[in-house]
Novice: 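Take a look at this one; I'll ask things after.
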Amino acid sequence: MASEAEVLEIDGPHGVREVRLSSPSRVIWPEPGITKRDLAAYLVAVAPAFLAANGDRPVSLQRFSGGIDGEQFFSKNPPKGAPDYVRAVPVVYPSGRTHPQLVLDEAAAVVWAAQMNTVVFHPWASRAEAPDLPDELRIDLDPQPGTDFADAVPVALALRALLAEAGLTAFVKTSGNRGLHVFAPIEPTHEFLEVRHAVIAAARELERRMPDAVTTHWWKEERGRRVFVDFNQANRDRTMAGAYSPRALAHAPVSCPLAWEELEGADPAAFTILTVPERLAATGDPWAGLHDSPGTIDLLLGWWERDLSSGLGELPFPPDFPKMPGEPPRVQPSRARKPDRQM
C-alpha cells in the first residue's frame with residue numbers, strides 16, 4: 001500500500017530543506033476540518049513572525065497523538081531521530097536538574113515539530129544563549145468565571161499605562177482563548193525569581209488601582225468575578241502559548257499579536273489558522289519591533305521592596321515547585337480554616 005506521506009521543500013537561512021510529512025490529510029481540528037497539511041502550510045506562511053517571537057528560545061512542544069481531542073503530552077527534550085537542524089540547549093528546571101531543551105531556529109524545524117504532532121508551542125521568556133536571564137516580562141491576564149475577553153481589555157490598557165510609568169514598553173496579544181498576554185522587552189540582567197517579583201509588584205499596583213476588576217489571589221475561591229493576573233507564569237519553566245502559536249481549541253484559534261489601537265474592537269475568535277496568514281500579509285507584524293528598546297525592571301523591583309516593607313511578602317508558587325523562601329503555606333483558605341466544634 002502506497003504511503004500517503006509528502007515531502008515539503010522549505011526555504012531557510014541554510015537553503016532548502018526537505019521535511020517529510022506523514023499522514024498529511026489527518027484532521028487535527030475536526031470542526032473546521034483543518035489537517036496536518038493545513039497546519040504545516042500555516043506555519044510556513046507565518047514563519048518569519050513566528051520565529052522572531054519564539055525562535056532562539058528553549059521551547060516546550062504540546063503534542064497530540066491524534067487530533068486536538070486525542071491524548072496530549074509536553075515534549076521538552078529532543079526526541080530520538082530529531083534532524084540535525086533542530087538544536088537543544090541545557091536549561092535548569094525548578095527542581096535544580098539540568099536537561100537539554102529544544103530550540104527552533106528556522107521554518108523547517110517548526111514544520112518538523114508539526115510532523116511530530118505539535119499543536120501548541122510554548123517558548124521560554126529567555127534566550128537560548130542565556131536561559132537563566134529572561135529578556136521578556138510576561139503578564140497573563142486570565143478572565144475568571146463571570147468575566148470574559150471584554151473585561152480583560154480595559155485591564156490590559158491600564159497595565160500598559162502602568163508599565164509605561166515603570167519605563168517599559170508593552171505589547172499585547174490574544175491568548176487564543178478568553179485572555180490576553182502583555183509582554184514587555186527587558187534587559188536580560190535578572191534571574192527568573194527577580195522577574196517574578198517585578199511581575200507581582202506590577203500586578204499588586206494594578207489591583208490597587210482596579211480593585212473591582214483585578215485580582216492577584218492565587219486561590220480560585222478568592223478571585224471572584226475579576227481578571228486574575230497570573231504572576232506564576234513568570235516562573236522558570238512556566239510558559240504560555242507563543243505569538244502565532246495555534247491553540248488546541250475547536251475553531252483553531254491562534255495566539256495573535258495586536259496593535260494597541262486594535263484591542264478594544266478585537267474579536268479573539270476571528271484570529272485562526274485560516275485567517276492569520278492573510279492578516280499578517282496585509283497588515284504586517286505588530287510585534288516586529290518588540291525587542292528594539294528593552295527596558296529594565298529596576299523601578300518595579302523598587303515597588304516590590306516598598307510592598308515588602310509594608311508587610312506584603314511572597315505569593316504562593318505552583319504545587320510542583322520546591323518550597324521557596326518566604327512563601328506562604330500552599331493550602332487553599334477554605335481547607336486551612338478549622339471546622340467549628342460541635343457542641
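Along the sequence shown, residues carry numbers from 1. Values in this document were obtained by computation on a predicted structure and should not be read as measured data.
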Novice: Quickly, which of Asp132, Val91, Leu193, Val195 forms a side chain to side chain contact (heavy atoms under 4.5 Å, CB included) with Arg236? Name it, please.
Specialist: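 For Arg236, the side chain to side chain contact (heavy atoms under 4.5 Å, CB included) check succeeds only for Asp132.
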Novice: Which heavy atom of Glu194 sits nearest to which heavy atom of Ile297, and what is that distance?
Specialist: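 Minimum heavy-atom contact is O-CD1, 4.0 Å.
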Novice: Flag this pair as yes if the NZ/CZ of Arg196 is under 6.0 angstrom from the six-membered ring centre of Phe317 and inside a 45 degree cone about the axis; otherwise no.
Specialist: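 Judged by the rule, Arg196 and Phe317 form a cation-pi pair.
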Novice: For a 4.5 angstrom cut-off between non-hydrogen side-chain atoms, does Met116 reach Pro79?
Specialist: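 In short, these two side chains touch, coming nearer than 4.5 Å.
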Novice: Could you pull out the closest heavy-atom pair between Lys76 and Asp237, with the gap in Å?
Specialist: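 Heavy atoms of Lys76 and Asp237 come nearest at NZ-OD2, 2.8 Å.
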Novice: Atom CG in Asp140, atom CZ in Phe231: separation rounded to 0.5 Å?
Specialist: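 Here the interatomic distance stands at 11.5 Å.
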Novice: Does a salt bridge link Arg127 with Glu129, judged by any charged N lying under 4.0 Å from a carboxylate O?
Specialist: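 So Arg127 does not pair with Glu129 through a salt bridge.
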Novice: Where do Glu106 and Arg17 land on the salt bridge (charged side-chain N to carboxylate O under 4.0 Å, His left out) test, with the steps shown first?
Specialist: CA-CA 10 Å; Glu106 56 181 281; Arg17 298 197 191 276; 2.7 Å; yes
Novice: How far does CG of Asp135 sit from CH2 of Trp124, to the nearest 0.5 angstrom?
Specialist: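 CH2 of Trp124 is found 13.0 Å from CG of Asp135.
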Novice: With the 4.5 Å side-chain cut-off for hydrophobic clustering, are Val92 and Phe321 part of the same group?
Specialist: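 Result: no, two separate clusters.
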Novice: Taking all non-hydrogen atoms of both residues, which atom of Leu274 and which atom of Ile34 are closest, and how far apart?
Specialist: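 Between these two residues, the closest heavy atoms are CG-CD1, 3.9 Å.
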Novice: Decide whether Ser95 and Arg97 meet the rule of one side-chain donor and one side-chain acceptor closer than 3.5 Å.
Specialist: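 There is such a pair between these side chains.
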Novice: Which atom pair, heavy atoms only, marks the closest approach of Lys173 to Ala241?
Specialist: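 Nearest heavy atoms, Lys173 then Ala241: NZ-O, 2.7 Å.
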Novice: Is it true that Thr296 and Glu187 share a donor-acceptor pair across their side chains at a distance under 3.5 Å?
Specialist: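 Judged by distance alone, the side chains do not pair up.
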Novice: So does Glu327 have more than 12 non-hydrogen atoms from other groups sitting under 6.0 Å from CD?
Specialist: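 Yes, because the 6.0 Å sphere around CD of Glu327 holds more than 12 heavy atoms from other groups.
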Novice: Side-chain heavy atoms nearer than 4.5 Å, only ILVMFWY residues, links allowed to pass through others: does that put Val27 and Leu21 together?
Specialist: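 No; tracing contacts between hydrophobic side chains, which count when under 4.5 Å, never links both residues.
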Novice: For Arg20 and Glu6: C-alpha separation, side-chain torsions, deciding distance, then whether side-chain contact (heavy atoms from CB on, under 4.5 Å) applies.
Specialist: CA-CA 6 Å; Arg20 183 178 183 274; Glu6 297 177 356; over 6 Å; no
Novice: When hydrophobic residues are tied together by side-chain contacts of less than 4.5 Å, even through go-betweens, does Leu290 share a cluster with Met240?
Specialist: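 Both belong to a single hydrophobic cluster.
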Novice: Can a salt bridge be assigned to the pair Arg226 and Asp212 using a cut-off of 4.0 Å between side-chain N and carboxylate O?
Specialist: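 Asp212 and Arg226: not salt-bridged.
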Novice: Given Asp56 and Leu51, is the side-chain contact (heavy atoms from CB on, under 4.5 Å) satisfied, shown in steps?
Specialist: CA-CA 8 Å; Asp56 191 34; Leu51 288 166; over 6 Å; no
Novice: Working to the nearest 0.5 angstrom, can you tell me the gap between Glu205 CD and Ile200 CD1?
Specialist: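 Output value for this atom pair is 14.5 Å.
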Novice: Indicate whether any N or O donor in one side chain lies under 3.5 Å from an N or O acceptor in the other, for Thr118 and Arg63.
Specialist: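 Their side chains do not contain a donor-acceptor pair, so the 3.5 Å distance test is not met.
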Novice: If I compare all heavy atoms of Ala202 with all of Leu300, which pair ends up nearest, and what's the gap?
Specialist: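 For Ala202 versus Leu300, the nearest heavy atoms are CB-CD2, 4.1 Å.
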Novice: If you define the side chain from C-beta out and look only at heavy atoms, does anything of His197 sit under 4.5 Å from Glu314?
Specialist: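 Side-chain contact under 4.5 Å: yes.
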Novice: Where is the tightest heavy-atom contact between Val182 and Leu141, given as atom of each residue plus distance?
Specialist: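 That would be CG2-CD1, 4.2 Å.
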Novice: List in chain and number order the residues that pass salt bridge (Lys or Arg N to Asp or Glu O under 4.0 Å) with Glu305, two or more places apart in sequence or in another chain; answer none if no residue qualifies.
Specialist: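 By the salt bridge (Lys or Arg N to Asp or Glu O under 4.0 Å) rule, Glu305 matches no residue at all.
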Novice: Counting only heavy atoms not in Arg225, do more than 12 fall under 6.0 Å of its CZ?
Specialist: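 No, not enclosed.
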Novice: Is it possible for you to say whether Leu249 and Val46 belong to one hydrophobic cluster, with membership spreading through side-chain heavy-atom contacts below 4.5 Å?
Specialist: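 Cluster IDs for Leu249 and Val46 differ.
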Novice: Any side-chain heavy-atom pair from Pro143 and Asp151 closer than 4.5 angstrom?
Specialist: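 No, every pair of side-chain atoms sits at 4.5 Å or beyond.
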Novice: Under the side-chain contact (heavy atoms from CB on, under 4.5 Å) rule, what do Ser245 and His122 come out as? Steps first, then yes or no, please.
Specialist: CA-CA 8 Å; Ser245 171; His122 298 263; over 6 Å; no
Novice: Given Asp307 and Arg208, is the salt bridge (charged side-chain N to carboxylate O under 4.0 Å, His left out) satisfied, shown in steps?
Specialist: CA-CA 12 Å; Asp307 288 344; Arg208 278 189 283 265; 3.4 Å; yes
Novice: One pair to check against side chain to side chain donor-acceptor pair (under 3.5 Å): Ser22 and Glu4. What are the steps and the verdict?
Specialist: CA-CA 7 Å; Ser22 63; Glu4 189 199 2; over 6 Å; no
Novice: Without hydrogens or angle criteria, can the side chains of Arg223 and Gln144 be said to hold a donor-acceptor pair below 3.5 Å?
Specialist: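 Indeed, the side chains of Arg223 and Gln144 share at least one donor-acceptor pair under 3.5 Å.
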Novice: Show the numbers, then the answer: is there a side chain to side chain donor-acceptor pair (under 3.5 Å) between Ser60 and Gln101?
Specialist: CA-CA 8 Å; Ser60 298; Gln101 183 105 9; 3.0 Å; yes
Novice: Any side-chain heavy atom of Leu137 sitting closer than 4.5 Å to one from Val199?
Specialist: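 A side-chain contact exists here, since the closest heavy-atom pair is under 4.5 Å.
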Novice: To the nearest 0.5 Å, what is the distance between CG (Leu258) and NE2 (His181)?
Specialist: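 Separation between the atoms: 12.0 Å.
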Novice: How many angstroms lie between CZ in Phe171 and CG in Leu163, if you round to the nearest 0.5 Å?
Specialist: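 Here the rounded value is 11.5 Å.
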Novice: Is there a side-chain contact between Thr174 and Arg247, using heavy atoms and a 4.5 Å cut-off?
Specialist: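 Heavy-atom side-chain distance check fails, nothing below 4.5 Å.
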Novice: Run the salt bridge (charged side-chain N to carboxylate O under 4.0 Å, His left out) check on Asp142 and Lys220 step by step: do they pass?
Specialist: CA-CA 11 Å; Asp142 183 10; Lys220 292 182 179 180; over 6 Å; no
Novice: To the nearest 0.5 Å, what is the distance between CD (Gln72) and CG (Leu61)?
Specialist: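 Interatomic distance, Gln72 CD to Leu61 CG, rounded to 0.5 Å: 13.0 Å.
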Novice: Phe64 and Asp69: side-chain contact (heavy atoms from CB on, under 4.5 Å), yes or no, with the steps?
Specialist: CA-CA 8 Å; Phe64 292 75; Asp69 298 324; over 6 Å; no
Novice: I'd like to know whether Tyr244 forms a side chain to side chain donor-acceptor pair (under 3.5 Å) with Asp285, so could you lay out the CA-CA distance, the side-chain angles of the two residues, the decisive distance to 0.1 Å, and finally the verdict.
Specialist: CA-CA 10 Å; Tyr244 298 105; Asp285 180 14; 2.7 Å; yes
Novice: Will you find, in the side chains of Thr35 and Asp38, an N or O donor that is under 3.5 Å from an N or O acceptor?
Specialist: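 A donor-acceptor contact under 3.5 Å links the two side chains.
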Novice: Transitively linked via ILVMFWY side-chain contacts under 4.5 Å: Leu159 with Val172?
Specialist: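 Same cluster: Leu159 reaches Val172 through Ile, Leu, Val, Met, Phe, Trp or Tyr contacts under 4.5 Å.
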Novice: Under 3.5 Å, is there a donor-acceptor pair between the Ser126 and Glu136 side chains?
Specialist: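 Side chains of Ser126 and Glu136: no pair found under 3.5 Å.
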Novice: Decide ring-ring contact (aromatic ring centres under 6.0 Å, His included) for Phe228 and Trp219; before the verdict, give the C-alpha distance in whole Å, the side-chain angles of both, and the deciding distance to 0.1 Å.
Specialist: CA-CA 10 Å; Phe228 171 52; Trp219 302 107; over 10 Å; no
Novice: Give the ring-plane orientation class for Phe183 versus Trp287, where under 30° counts as parallel, over 60° as perpendicular and anything between as tilted.
Specialist: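 Tilted.
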Novice: One pair to check against salt bridge (charged side-chain N to carboxylate O under 4.0 Å, His left out): Asp230 and Arg238. What are the steps and the verdict?
Specialist: CA-CA 11 Å; Asp230 190 352; Arg238 279 300 183 273; over 6 Å; no
